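Written out below as structure tokens is the structure these notes cover.
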2 protein chains.
Amino acid sequence: MENRKSEIISFAKSLIQQKGYAAFSYDDISKHFGITKASIHYHFEKKEDLGLAVLNRLHLRLTEFSASIATSRESLEKKLDRFYRLQSEKFAANEICPVSALQTDFELLPERMRVKMQEISRLELTVMQDMITDEASGREADSRAMALVVLAAIKGSLQYGRVINEDMLPEVMSGICQSIIRR
Amino acid sequence: MENRKSEIISFAKSLIQQKGYAAFSYDDISKHFGITKASIHYHFEKKEDLGLAVLNRLHLRLTEFSASIATSRESLEKKLDRFYRLQSEKFAANEICPVSALQTDFELLPERMRVKMQEISRLELTVMQDMITDEASGREADSRAMALVVLAAIKGSLQYGRVINEDMLPEVMSGICQSIIRR
DNA sequence: GTCTATACGTAGATAGAC
DNA sequence: GTCTATCTACGTATAGAC
């Protein structure tokens with residue numbers, strides 16, 4: 001059942017968004033699907049394998065997005081909006097960006113996952129940098145720092161928003177487009 | 001030994017910065033100080049009590065900083081620099097902001113810790129908002145969103161920096177001061 | 001593919017001696 | 001304050017039947 005395997009990846013990603021990599025368990029997953037932990041191990045022998053499957057999916061979506069950006073003539077707002085929904089179409093109130101959650105758990109990830117996380121984090125930065133320099137008519141010297149600011153703003157909105165129970169993303173998004181990019 | 005108790009709080013904070021709340025253990029702490037887990041339980045009966053002690057210290061430092069800002073005539077750069085070092089004088093290469101780490105683990109924190117986290121997160125936002133509006137001569141309509149952007153940029157620099165193994169904070173800091181505040 | 005059964009480690013926590 | 005000893009719960013993981 002290739003579908004079951006894919007469903008497990010999706011659910012694991014969602015669990016990581018809620019609780020992080022260390023805290024989510026095969027027991028969480030088995031209960032959700034009504035099967036035993038041993039069955040999850042059939043699909044993903046070790047937790048590390050499941051973690052890598054989640055990372056590979058995140059990486060794939062990011063790569064696809066990167067390609068779609070290169071040719072597109074969308075406005076920056078549209079691009080940022082699509083980027084925001086990239087790894088999670090709709091964020092539940094108790095979910096943050098999966099990449100952020102995995103960055104926080106970086107020190108306890110197995111080596112293979114760390115390598116992949118580094119790849120994903122670097123790609124996020126360059127993709128965002130491309131989006132910004134495409135738009136900005138002016139200087140691009142500090143565009144790498146600016147890319148991090150925009151990335152961090154999006155992810156930070158989710159993290160602070162979950163804690164203070166308030167969706168700050170709309171105002172942050174418009175603030176970004178006005179004050180940072182159109183300088 | 002009131003000093004031992006305080007040392008445990010410091011070390012717990014550092015562990016949280018490295019591994020998050022869920023993953024740090026009494027065993028980590030006992031090994032570090034060369035005493036048994038039971039001894040840690042003498043100082044902090046439950047993990048939640050130790051977690052709250054860490055949060056109370058973070059909150060105290062933030063409150064003190066908030067007061068010191070109100071009267072100060074420092075430049076924004078100086079203020080931001082002091083804010084950055086507030087919760088950790090010097091960040092080890094494997095440490096991120098403790099507040100960020102605890103925000104990521106928010107869903108698995110006990111209720112008392114969640115309440116305190118909300119308080120701290122709100123205070124961080126208002127403190128940063130004060131710093132920005134003090135400086136900015138212009139409009140202050142979106143200063144709350146701007147405060148989140150600056151906060152997220154600082155914390156994001158630590159998170160991305162740990163993963164890609166590169167200190168991005170200096171360029172991000174100067175980028176913030178130039179492009180965002182002095183608009 | 002999913003099950004039962006089980007092994008083994010580690011976690012948080014407590015009782016009671018020193 | 002710190003210890004030894006112990007408990008219970010839960011984690012990842014495996015063997016082997018269906």
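What's counted below: heavy atoms across the whole structure, side chains too, no hydrogens, waters or symmetry copies. Each chain gets a letter, A, B and so on, in the order its sequence line appears, and its residues count up from 1. Just so you know, these numbers come straight off a predicted model, no measurement behind them.
Between B:D105 and B:K19 there is no salt bridge, since no side-chain nitrogen of the basic residue lies less than 4.0 Å from a carboxylate oxygen of the acidic one. Checked for salt-bridge contact, A:R61 and A:E89 meet the test: a charged N lies under 4.0 Å from a carboxylate O.
Atom pair B:L108:CG and C:dA11:C1' shows a separation of 14 Å (rounding to whole Å applied). Remark: P of C:dT2 and NZ of A:K5 are 12 Å apart, rounded to the nearest angstrom. Between the C1' atom of C:dC18 and the CD1 atom of B:I35 lies a distance of 16 Å, rounded to the nearest Å. Counting to the nearest Å, the P atom of C:dG1 and the CG atom of A:N3 are 11 Å from each other. Between A:D28 atom CG and D:dG11 atom P there is a gap of 7 Å when expressed in whole angstrom units. A:I29 has its CD1 atom 11 Å from the P atom of D:dG11, to the nearest Å.
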Can you check nucleotides 13-17 of chain C for protein contacts, nitrogen or oxygen pairs under 3.5 Å, and list what you find?
{"from": "C:dA13", "atom 1": "OP2", "to": "B:K47", "atom 2": "N", "distance (Å)": "2.7"}
{"from": "C:dA13", "atom 1": "N7", "to": "B:H41", "atom 2": "NE2", "distance (Å)": "3.3"}

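In this pair, B:H41 and B:Y26 present their aromatic rings tilted. The plane angle is within the 30 to 60° band.
Nearest to the side chain of A:D27, among D:dT2, D:dG11, C:dT2, sits D:dG11.
For the side-chain hydrogen bond (donor to acceptor under 3.5 Å, both in side chains) criterion with A:D81, the lone passing option out of A:R85, A:K78, A:K79 is A:R85.
One finds the CG atom of A:L62 at 7.5 Å from the OG1 atom of A:T126 (value rounded to the nearest 0.5 Å). Rounded to the nearest 0.5 angstrom, A:F24 CZ and A:I29 CD1 are separated by 5.0 Å. From B:I120, atom CD1 reaches atom CG of B:L125 across 12.5 Å, with rounding to the nearest 0.5 Å. Put simply, CD on A:Q17 and CD on B:E107 are 11.5 Å apart, with the number rounded to the nearest 0.5 Å.
Contact check, B:Y42 against D:dT2: no side-chain N or O comes under 4.0 Å of OP1 or OP2. Look at B:T36 and you'll find a side-chain N or O under 4.0 angstrom from OP1 or OP2 of D:dC3. Contact between the side-chain N/O atoms of A:S39 and the OP1/OP2 oxygens of C:dC3 is found at a separation under 4.0 Å.
Panel note: side chain A:S72, backbone A:I69; no donor-acceptor pair is recorded below 3.5 Å.
Taking every heavy atom of residues 13-24 of chain A and every atom of DNA chain D, pairs under 4.0 Å involve A:F24, by number.
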